[in-house]
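What follows is a set of notes on a single structure, which appears directly below.
Keep in mind the model is a prediction, meaning the values are calculated, not measured.
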Amino acid sequence: MIPTTRQTNLVIFLGCTLLILIALYMQHIMGLVPCYLCVTQRVFVIATGLIALLAFLHHRHTRFYGAITALSALAGGFFSGKQLWLQHLPEERVPACGPPVEYLFDVFNFSDALGMLLRGDGNCAEVQWLFLGLSIPGWTLVCFILLAALGLWQMVRRQ
């Protein structure tokens with residue numbers, strides 16, 4: 001049985017909610033400190049989930065919501081890929097570490113702080129946790145690919 005568009009949007013929303021809960025567990029219970037790119041990826045997980053929630057509640061314009069769900073997930077996937085790239089750089093090519101995120105927004109104007117956040121730094125190259133050979137951004141990339149695929153499926157499926 002193929003799930004309806006509403007059911008699919010609910011699954012996307014619940015999946016994104018689960019991802020954020022896992023991220024918060026890793027941060028607050030396991031003590032893993034999120035880097036700039038981790039925070040950026042969280043923003044895209046939240047955005048993707050909120051788009052799916054809107055689609056679930058609105059229950060119209062399925063193709064439009066599917067497209068922006070897929071775009072949000074692909075954008076998040078870009079930052080996951082960027083972090084994976086940083087993690088695989090030789091040590092001498094890893095960029096210098098920057099200040100904490102809170103400091104960025106306290107000291108710099110919003111656009112400068114946002115630019116630094118999106119570029120990442122040496123902290124983003126550190127592998128803090130592995131599961132089945134994949135780091136956190138690796139698993140996040142897998143999730144973003146699945147979310148993008150569900151968004152694209154919402155675009156092309158028969159209504």
* Under 3.5 Å donor-acceptor, Asp112 side chain and Phe108 backbone ->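 No, because the side chain of Asp112 does not come within donor-acceptor range (under 3.5 Å) of the backbone of Phe108.
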query: Does Leu21 CG have over 12 foreign heavy atoms under 6.0 Å away?
result: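 Yes.
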Between atom [atom1] of [X] and atom [atom2] of [Y], what is the distance when rounded to the nearest 0.5 Å?
X      : Y      : atom1 : atom2 : answer
Leu84  : Phe79  : CG    : CZ    : 13.5 Å
Arg63  : Ile68  : CZ    : CD1   : 15.0 Å
Leu71  : Leu152 : CG    : CG    : 8.5 Å
Thr140 : Leu134 : OG1   : CG    : 10.0 Å
Asn9   : Thr62  : CG    : OG1   : 7.0 Å
Trp153 : Leu146 : CH2   : CG    : 13.0 Å

Do you know which two heavy atoms are closest between [X] and [Y], and how far apart they sit?
X      : Y      : value
Arg157 : Thr8   : NH1-OG1, 3.4 Å
Ala70  : Ala148 : CB-O, 3.7 Å
Gly66  : Met155 : C-CG, 3.7 Å

Could you list the donor-acceptor pairs under 3.5 angstrom formed by side chains in residues 10-19, with sequence neighbours left out?
| unit_1 | atom_1 | unit_2 | atom_2 | d |
| --- | --- | --- | --- | --- |
| Thr17 | OG1 | Phe13 | O | 2.9 |

Is it possible for you to say whether Leu74 and Val142 belong to one hydrophobic cluster, with membership spreading through side-chain heavy-atom contacts below 4.5 Å?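 Leu74 does not cluster with Val142.
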| said: Check for me, please, whether Phe64 and Leu150 land in the same ILVMFWY cluster - side-chain distances under 4.5 Å, paths through other members count. | reply: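 Per the 4.5 Å side-chain linkage, Phe64 and Leu150 are not co-clustered.
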Practice prompt. May I ask you to test the Lys82-Pro137 pair for a side-chain heavy-atom distance under 4.5 Å?
Written response: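 Answer no - side chains too far apart.
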Just list the side-chain donor-acceptor pairs under 3.5 Å for residues 24-31, sequence neighbours left out, or say none.
| unit_1 | atom_1 | unit_2 | atom_2 | d |
| --- | --- | --- | --- | --- |
| Gln27 | OE1 | Arg42 | NH1 | 2.7 |
| Gln27 | OE1 | Arg42 | NH2 | 3.2 |

Return yes if a side-chain donor-acceptor contact under 3.5 Å exists between Ser80 and Gln41, otherwise no.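 Short answer, yes.
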TODO: Consider only side-chain N and O atoms of Ser135 and Gln87, and report whether a donor and an acceptor are under 3.5 Å apart.
DONE: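 Gln87 and Ser135 do have a side-chain donor-acceptor pair below 3.5 Å.
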Please tabulate, one pair per line, all N/O donor-acceptor pairs under 3.5 Å involving side-chain atoms of residues 46-54, not counting sequence neighbours.
| unit_1 | atom_1 | unit_2 | atom_2 | d |
| --- | --- | --- | --- | --- |
| Thr48 | OG1 | Phe44 | O | 2.7 |
| Thr48 | OG1 | Ser72 | OG | 2.7 |

>> Evaluate Thr5 against Tyr65 for side chain to side chain contact (heavy atoms under 4.5 Å, CB included), listing each step before the verdict.
In response: CA-CA 10 Å; Thr5 56; Tyr65 282 117; over 6 Å; no
